Amino acid sequence: MSTERRRPYPYDQIEPKWQERWESARTFHAPNPGDPGFDPARPKYYVLDMFPYPSGAGLHVGHPEGYTATDIIGRYKKMRGCNVLHPMGWDAFGLPAEQYAIKTGQHPSVTTAENVGRFRTQLKKIGFAYDWQREVNTTDPGYYCWTQWIFLRLYHSYFDPFLQKSRPISLLEDALADEPKRTDEWKDDDYLAGLRAHSGDLPPERRRAVREAIIDHHRLAYVSEAPVNWCPALGTVLANEEVIDGKSEVGGHPVERRPMRQWMLRITTYAQRLIDELDGLDWPESIKLLQRNWIGRSEGAEVQFTVAGSEEKITVFTTRPDTLYGATYMVLAPEHPLVERIVTEEQAGAVEEYKEKTARKSDLERTELSKEKTGVWTGAFAINPVNVERIPIWIADYVLLGYGTGAIMAVPAHDERDWEFARKYALPIREVVSDTPTLGLGGGSSPCQAEPLEVFVGEGYAIHSGPLDGLSTADAKVEIVRQLTGRGLARKTINYKLRDWLFSRQRYWGEPFPIVWEDGKHRALPDTHLPVNPPPLDDFKPTGTGEPPLAKATQWVRYSDKATRETNTMPQWAGSCWYYLRYCDPVNHNRFVGVDAERYWMTGTVEQPAGAKVRPGGVDLYVGGTEHAVLHLLYARFWHKVLFDLGYVSTPEPFQRLVNQGIILGEDGQKMSKSRGNVVNPDDVITEYGADALRCYEMFMGPLEQTKPWSMAGVEGVARFLARVWRLAVEENQAGEWVLSSALQDIEPDKAQLKVIHATIKKVGEDIESLGFNTAISQMMIFVNTFTNANPRPRKALRSLLQVLNPFAPHLTEELWERLGFDENGAKPLATEPWPAYDAALLVEDEIEIVLQVNGKVRDKIIVKKEASKEEVEAAARASSKIAEWTAGKEIKKVVVVPGKLVNIVVAG
RNA sequence: GGCGCCGUGGUGAAAUGGCAGACACAGCGGACUUAAAAUCCGCUUCGGGGAAACUCGAGUGCGGGUUCAAGUCCCGCCGGCGCCA
């Protein structure tokens, strides 16, 4: 007995056949400007997927969802005459490969190569129209060479706050030099001129050190000693976002705070541009909002307090300077440097103990609103600049050193955290904002002694605030800042929640830094020394001390007699920050991307663009998961802007249009996971139903952006549709061979058929443009249902169907295209044929159905001529006997006629 | 707690403010078949009336509002998801 399952059509033969043909004919190779076959007359279209991390588990059906969507767009744009860039590659550095290496002793490069191989094989079986000659891998020396090169550009650049752009640090160096040589390049730059003036008075012996400090303080890549999230189990530091509830995101190991020397990237300098320049992008508003919130701009003021009985000053950042009269105590972050200097002897013990406790908590734990507030009094007092009151200075872990100035004025009546804290420690609470404008008008009222019953955080009118009384919150803010600024005690500032990017990891499987250390100072390696390859290691285990695994390669670490290499590696984000640029020119040995290739694929122009660019983003369509809504997209935008400012790329933004595909759940409606056992492997779907069915089902499930559960029964339904397409063209003969269907004839389609043909061409094209793939497939199903029983069946109709179905089911349609002999001029694949045109005139009916409503309810339907006037339609409606019944004896108050649609008769009663 | 997104048949879903449920899945019935599978055709939101053709009513999470007309727009709830706290 044969175990061979009867297939509805021979996809198992068709699919490999066409995959081989496309590959050998290089059907989807996109030549660059200057390459043979490049046609500058065609518009470019760059359609990109977020490249995968090639895990050991292989693909699941979630991966091909976005990939299929972009593939359909890419194939469609090609048929529309575009030069299409549609590449794929591997984000292959990362922790899992290293963890696996630790467990098995197998080198990460070996497992990475195996995993990449498996992923590539799986993707090829789905028939994606990738230009495989453009495949990139972040772990190839030829790739990470340029990741390191970009890092050096960051290292060698500073952000000019006046110009709001990055410039080479050599300019800043020149501006600080004893004898500047490039004054003409920076003399108009007030920022550099100011820096020069500022450092000019130094005595010669200190000059050098101060200048170096200024320079390092400006580099976009810099070294910091800040406390970091150290995970002993993983043996590495983690970014804040990699820590969840005090545990590592990977593996759930405990994470502690520990000060360590780390590389940081000064992304905060770009905070304003990262907000502002979202405006020109075609991204979902929700994603823009997520980015804006993440950057967290807040306008406020810095206000200076003095420490009582001392020269020390405390600067606080507040968004509510209008509440200054309600400040009844101050709070410093426990690690604030001032704490040591102001703490009194009696309180020293308690403060020290509290600082130790705090050191073990993560920022997230510390700021959790629900957690009970804790703190300790330092014993010191500050003077409130507005009313010269002595207020106690506390330390509390709900104030972070990293945000604002690391110090706050506490206004318990109008801030929830201050309120809780004040209640707990019995600190005074003074109401200074009222939600009604009546209170406190007239000004100069004495401070209120009665404490409010509840916290009020909203805006209102100032009370008990001396000269501010009666002013609205907005006006009071302006007024108090104006007054204090005049006395040199405040200034308006803008604060961002965004932190600088912690850019080093204590890992093996990542890009080494092109940096060496000598006499405690860092120094960049010259570009010509790139790539810096990781040393061969047999033991990838963490050292346990915080020292990165690379430190074990003592030979490698020793750079020269005096200098040693940096042993940290870059985080996984690094490689994915610029891969879309490398795709434009993946094998260039001289530049991270060729000038012409970059300009063409990012802007569409072959020559230097004459005028201003219309669109800021380069990639025309970028599809990927929401999980990268903030980090990857923010980091990539940051790098891109630096490269743009320095003149290396042509657009200010990397991605013009962004779409997030939804998550595909298991059949049980749960998230797919190995432990739940609900993971669906695309290989199995292909074996059972074919790649075209997989592709079409992925698209037919529902809207691309939506989360939706997998259904094998649904796949079967789509496979049935494809089999029906197959049988429109061919039928099985007595010998069981597929031969051209006897129903096919070279006849003209009838009127109804013509309408379906042209409606389908129209709808499928429009739906692809708007990413409505599910409804495009529905329309093609309607087409097939129309023609299934047509006998004779016009051969011509199939031509159109195959053309519009091709991007969805490329193998099946190519095969039928060939069998039906549509490839007249010989062996030209359907994929390279133009997209069909539709005739709008054929879509218009001579007679239209009009819905007749009485008071909005459908009561009858009539057929009228297409060109019938409003009056004629209304007359026809009134002539309907059903309408007469429903309106009998009632006063007709109004008649609404919507041409071509309906008539609504409004009656009284 | 704040912000954002989403709630439509048994299921996935469709619907420029204009006939709610296209297209599928599942189910039911029929044709073909000795039989089954496959295939083709039909029915399939709920409730009432009718032998039937059909007909009446209700219906897009809940409650209001705007409009001749609301799944769609506005306000307030409830539930789910995501992000931030």
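Below, read A as the first sequence line, B as the second, and so on, with proteins coming before strands; counting in each chain starts at 1. Computed from a predicted structure; not experimentally measured. Side-chain atoms are counted along with the backbone in the values below, which use heavy atoms only and exclude waters and symmetry mates.
- When heavy atoms are screened at a 4.0 angstrom cut-off, A/Phe700 is found touching base atoms of the nucleic acid.
- Nucleotide B/rC5: paired with B/rG80 (Watson-Crick or G-U wobble, both distances less than 3.5 Å).
- Comparing B/rG18, B/rC84, B/rA24 by their closest approach to the side chain of A/Trp294 singles out B/rC84.
- Proximity note for A/Arg720 (side chain, C-beta onward) versus B/rU39, B/rC40, B/rA14: the nearest is B/rU39.
- Between the NZ atom of A/Lys857 and the C1' atom of B/rG59 there is a distance of 11 Å, given to the nearest Å.
- Across the P atoms, B/rG10 and B/rG4 are found 32 Å apart, a figure rounded to whole Å.
- With its glycosidic angle within 90° of 0, B/rG9 adopts the syn conformation.
- Nearest to the side chain of A/Lys497, among B/rC84, B/rC40, B/rC56, sits B/rC84.
- A/Lys861 contributes a side-chain N or O that forms a donor-acceptor pair with the base of B/rC19 under 3.5 Å.
- The same atom, P, is picked in B/rC68 and in B/rA14; the two are 31 Å apart, to the nearest Å.
- Note that OG of A/Ser800 is 6.0 Å distant from CZ of A/Phe783, once rounded to the nearest 0.5 Å.
- The distance from atom NZ of A/Lys901 to atom P of B/rA15 is 14 Å, rounded to the nearest whole Å.
- Listed nucleotides: B/rC68, B/rA13, B/rC56. Nearest to the side chain of A/Lys708: B/rA13.
- Summarising the base pairing, B/rA52 is matched to no nucleotide, lacking a Watson-Crick or G-U wobble pair whose two defining distances lie under 3.5 Å.
- Across all strands shown, B/rA37 forms no Watson-Crick or G-U wobble pair with both distances under 3.5 Å.
- Ion pairing between A/Glu874 and A/Arg878 holds under the 4.0 Å rule for side-chain N and carboxylate O.
- Contact annotation: A/Lys894 reaches the phosphate of B/rC68 (side-chain N/O to OP1 or OP2, under 4.0 Å).
- A/Ile782 comes within 4.0 angstrom of sugar-phosphate atoms only, judged by non-hydrogen atoms across all strands, and of no base.
- As judged by a 4.0 angstrom heavy-atom cut-off over every strand, A/Val851 is placed among the base-contacting residues.
- In this structure, A/Gln853 reaches the bases: a heavy-atom distance under 4.0 Å links it to at least one base atom across the strands shown.
- Taking atom C1' in both B/rC5 and B/rA24, one finds a spacing of 26 Å when rounded to whole Å.
- Contact check, A/Arg724 against B/rC23: no side-chain N or O comes under 4.0 Å of OP1 or OP2.
- The base-pairing partner of B/rC43, taking Watson-Crick or G-U wobble contacts with both distances under 3.5 Å, is B/rG27.
- Listed nucleotides B/rA24, B/rC25, B/rC56 differ in distance to A/Trp886; the shortest reach to its side chain belongs to B/rC56.
- One finds no side-chain N or O of A/Asn660 lying less than 4.0 angstrom from the OP1 or OP2 phosphate oxygen of B/rG82.
- The 5' end of RNA chain B is approached more closely, in terms of each residue's nearest nucleotide, by A/Ser286 than by the other of A/Val906 and A/Ser286.
- Counting all heavy atoms, side chain and backbone alike, A/Val623 lies closest to A/Gln661 at CG1-OE1, 3.8 Å.
- As a whole-Å value, the separation of A/Lys288 NZ from B/rC3 C1' is 17 Å.
- Atom NZ of A/Lys424 is surrounded by more than 12 heavy atoms from other residues, nucleotides or ligands within 6.0 Å.
- The side chain of A/Asn774 approaches B/rA14 more closely than any other nucleotide in the set B/rC40, B/rA14, B/rG12.
- One C1' atom belongs to B/rC32, the other to B/rG42, and the distance between them is 15 Å to the nearest Å.
- Summarising the geometry, the separation between CG on A/Leu498 and P on B/rA85 is reported as 12 Å, rounded to the nearest angstrom.
- Searching all strands for a Watson-Crick or G-U wobble partner of B/rA22 with both distances below 3.5 Å returns nothing.
- Nucleotides B/rC19 and B/rA70 are separated by 11 Å at their P atoms, to the nearest Å.
- The residue A/Arg292 sits apart from the nucleic acid: no heavy atom pair falls under 4.0 Å.
- The 5' end of RNA chain B is approached more closely, in terms of each residue's nearest nucleotide, by A/Glu849 than by the other of A/Glu849 and A/Arg727.
- When rounded to the nearest whole Å, the span between NZ of A/Lys870 and C1' of B/rG18 equals 13 Å.
- Atom CD of A/Gln706 is separated from atom P of B/rC81 by 16 Å (rounded to the nearest Å).
- Ion pairing between A/Asp279 and A/Arg292 holds under the 4.0 Å rule for side-chain N and carboxylate O.
- Residue A/Val858 is in sugar-phosphate contact alone, with no base atom involved, counting any heavy-atom pair closer than 4.0 Å across all strands shown.
- Using a 4.0 Å cut-off between charged nitrogen and carboxylate oxygen, A/Lys373 and A/Glu416 do not count as a salt-bridge pair.
- Residues A/Tyr496 and A/Gln272 have side chains that bring a donor and an acceptor to within less than 3.5 angstrom of each other.
- B/rC6 and B/rG61 have their P atoms separated by 13 Å, given to the nearest Å.
- Computed from coordinates, the A/Asn293 CG to B/rC83 C1' distance equals 8 Å when rounded to whole Å.
- Distances shown here put a side-chain N or O of A/Asn789 below 4.0 Å from the OP1 or OP2 atom of B/rC41.
- Between the OG1 atom in A/Thr374 and the CG atom in A/Asp397 there is a gap of 4.0 Å [rounded to 0.5 Å].
- Whole-Å rounding puts the A/Leu290 CG to B/rC5 P distance at 12 Å.
- Proximity note for A/Pro703 (side chain, C-beta onward) versus B/rC23, B/rA15, B/rA13: the nearest is B/rA13.
- Proximity note for A/Pro709 (side chain, C-beta onward) versus B/rA22, B/rG18, B/rG12: the nearest is B/rG12.
- The gap from the C1' atom of B/rG12 to that of B/rA26 amounts to 11 Å, rounded to the nearest Å.
- When both distances must be under 3.5 Å, the Watson-Crick or G-U wobble mate of B/rA85 does not exist.
- Comparing the P positions of B/rG59 and B/rA20 gives a spacing of 12 Å, expressed to the nearest Å.
- Judged purely by distance below 3.5 Å, without hydrogens or angles, the side chains of A/Ser711 and A/Glu667 never pair a donor atom with an acceptor atom.
- When both pairing distances are held under 3.5 Å, B/rG71 makes no Watson-Crick or G-U pair with any nucleotide shown.
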